[in-house]
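Quantities reported herein were computed from a predicted structural model and do not represent experimental measurements.
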Amino acid sequence: QVQLVESGGGSVQAGGSLRLSCAASGDRDSTNCMGWFRQAPGKEREGVAAIYVGRIRTYYADSVKGRFSISQDNAENTVTLQMDSLKPEDTAMYYCAAFRVSLSQYCSGNYRLYDYWGQGTQVTVSS
């Protein structure tokens, strides 16, 4: 089992920055891909960014490329999402998730692949 705890959400004006962190605990061998997802009211869950832990391969949704950056800290067992140039449309509940990539899978924004999920942290961007 893996437990994921997000932190760092909050409210910011458009153009501002926020930094989200996801602390993982439990069986580290169960996961090697960690991602960030978001869901706004009435909308589908969207894969924002993902990182293949140890191989530093990353995925970004087109809507956040050039503004968001995902990174890992193996010593602290955390994954961070740095969000810059935030827009009102970035407002959503953000979730950290993880799974172990098999040979036929990719570490991507496909939420159906992810087995473990955090409780979420709210991000609100005002215009």
Side-chain angles (χ1 to χ4, degrees):
Q1 287 293 325
V2 175
Q3 294 77 42
L4 303 173
V5 179
E6 304 97 336
S7 62
S11 298
V12 66
Q13 289 191 329
S17 298
L18 283 173
R19 187 178 180 91
L20 305 183
S21 291
C22 175
S25 61
D27 183 7
R28 294 181 62 179
D29 290 337
S30 295
T31 63
N32 57 9
C33 173
M34 296 186 72
W36 284 97
F37 295 78
R38 64 187 181 188
Q39 189 165 20
K43 294 188 176 181
E44 290 189 358
R45 186 164 295 191
E46 175 189 18
V48 175
I51 187 165
Y52 199 150
V53 177
R55 301 194 181 188
I56 324 292
R57 294 178 187 172
T58 57
Y59 158 87
Y60 293 98
D62 288 342
S63 58
V64 306
K65 282 181 181 177
R67 301 189 298 121
F68 290 13
S69 177
I70 189 170
S71 60
Q72 64 184 71
D73 183 336
N74 285 337
E76 297 292 331
N77 211 20
T78 61
V79 172
T80 299
L81 184 68
Q82 177 66 40
M83 305 186 295
D84 299 320
S85 302
L86 283 162
K87 304 176 181 180
E89 51 262 44
D90 294 318
T91 295
M93 184 71 78
Y94 282 70
Y95 299 89
C96 176
F99 80 105
R100 184 164 187 83
V101 177
S102 68
L103 292 176
S104 62
Q105 298 170 327
Y106 295 94
C107 182
S108 69
N110 182 356
Y111 70 88
R112 295 175 180 84
L113 297 174
Y114 289 74
D115 296 316
Y116 305 101
W117 292 83
Q119 293 299 307
T121 184
Q122 179 67 37
V123 171
T124 302
V125 185
S126 58
S127 57

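- Val12 and Val48 fall within a single hydrophobic cluster, where Ile, Leu, Val, Met, Phe, Trp and Tyr are joined by side-chain heavy atoms under 4.5 Å apart, directly or via other members.
- When all heavy atoms of Ser85 and Ser17 are compared, the pair lying nearest together is N-OG, 4.4 Å.
- With sequence neighbours excluded, no residue forms a side chain to side chain donor-acceptor pair (under 3.5 Å) with Ser126.
- For residues 109-120, the set of pairs meeting the side-chain hydrogen bond (donor to acceptor under 3.5 Å, both in side chains) definition, not counting sequence neighbours, is empty.
- Between Leu20 and Gly9 the shortest heavy-atom distance is CD2-N, 3.5 Å.
- Between the side chain of Thr91 and the backbone N or O of Val125 there is at least one donor-acceptor pair closer than 3.5 Å.
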Compile the donor-acceptor pairs under 3.5 Å between side chains in residues 31-40 and protein atoms, sequence neighbours left out, one pair per line.
residue, atom, partner, partner atom, Å
Asn32, OD1, Val101, N, 2.7
Arg38, NE, Glu46, OE1, 2.8
Arg38, NH1, Asp90, OD1, 2.9
Arg38, NH1, Tyr94, OH, 2.9
Arg38, NH2, Glu46, OE1, 3.3
Arg38, NH2, Ser63, OG, 3.4
Gln39, OE1, Arg45, NE, 3.3
Gln39, OE1, Arg45, NH2, 3.3
Gln39, NE2, Lys43, O, 3.1

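- Between the OG atom in Ser127 and the NZ atom in Lys87 there is a gap of 13.5 Å [rounded to 0.5 Å].
- In this structure, the side chain of Arg57 does not engage the main chain of Tyr52 through any donor-acceptor pair within 3.5 Å.
- Grouping Ile, Leu, Val, Met, Phe, Trp and Tyr residues whose side-chain heavy atoms lie under 4.5 Å apart, directly or via other members, leaves Tyr106 alone, with no other cluster members.
- Scored by the ring pair (Phe, Tyr, Trp, His ring centres under 6.0 Å) test, Tyr95 finds no partners at all (sequence neighbours excluded).
- The cluster map of Ile, Leu, Val, Met, Phe, Trp and Tyr, joined by side-chain heavy atoms under 4.5 Å apart, puts Met93 and Val123 in different clusters.
- Taking OG of Ser69 as the start and CZ of Arg19 as the end, the distance is 8.5 Å to the nearest 0.5 Å.
- Of the inter-residue distances, the one linking Ile70 atom CD1 with Tyr60 atom OH reads 6.5 Å to the nearest 0.5 angstrom.
- For the pair Ser21 and Thr80, the tightest heavy-atom approach, listed with the atom from each and the gap, is OG-OG1, 3.7 Å.
- Between the CZ atom of Arg100 and the CG atom of Leu113 there is a distance of 14.5 Å, given to the nearest 0.5 Å.
- For the pair Ala49 and Leu81, the tightest heavy-atom approach, listed with the atom from each and the gap, is CB-CD1, 4.0 Å.
- For the residue pair Leu18 and Leu86, the shortest heavy atom distance occurs at N-CD1, 3.7 Å.
- Between atom CD of residue Gln72 and atom SG of residue Cys22 there is a gap of 12.5 Å, rounded to the nearest 0.5 Å.
- For Glu89, there are no side chain to side chain donor-acceptor pair (under 3.5 Å) partners two or more places apart in sequence or in a different chain.
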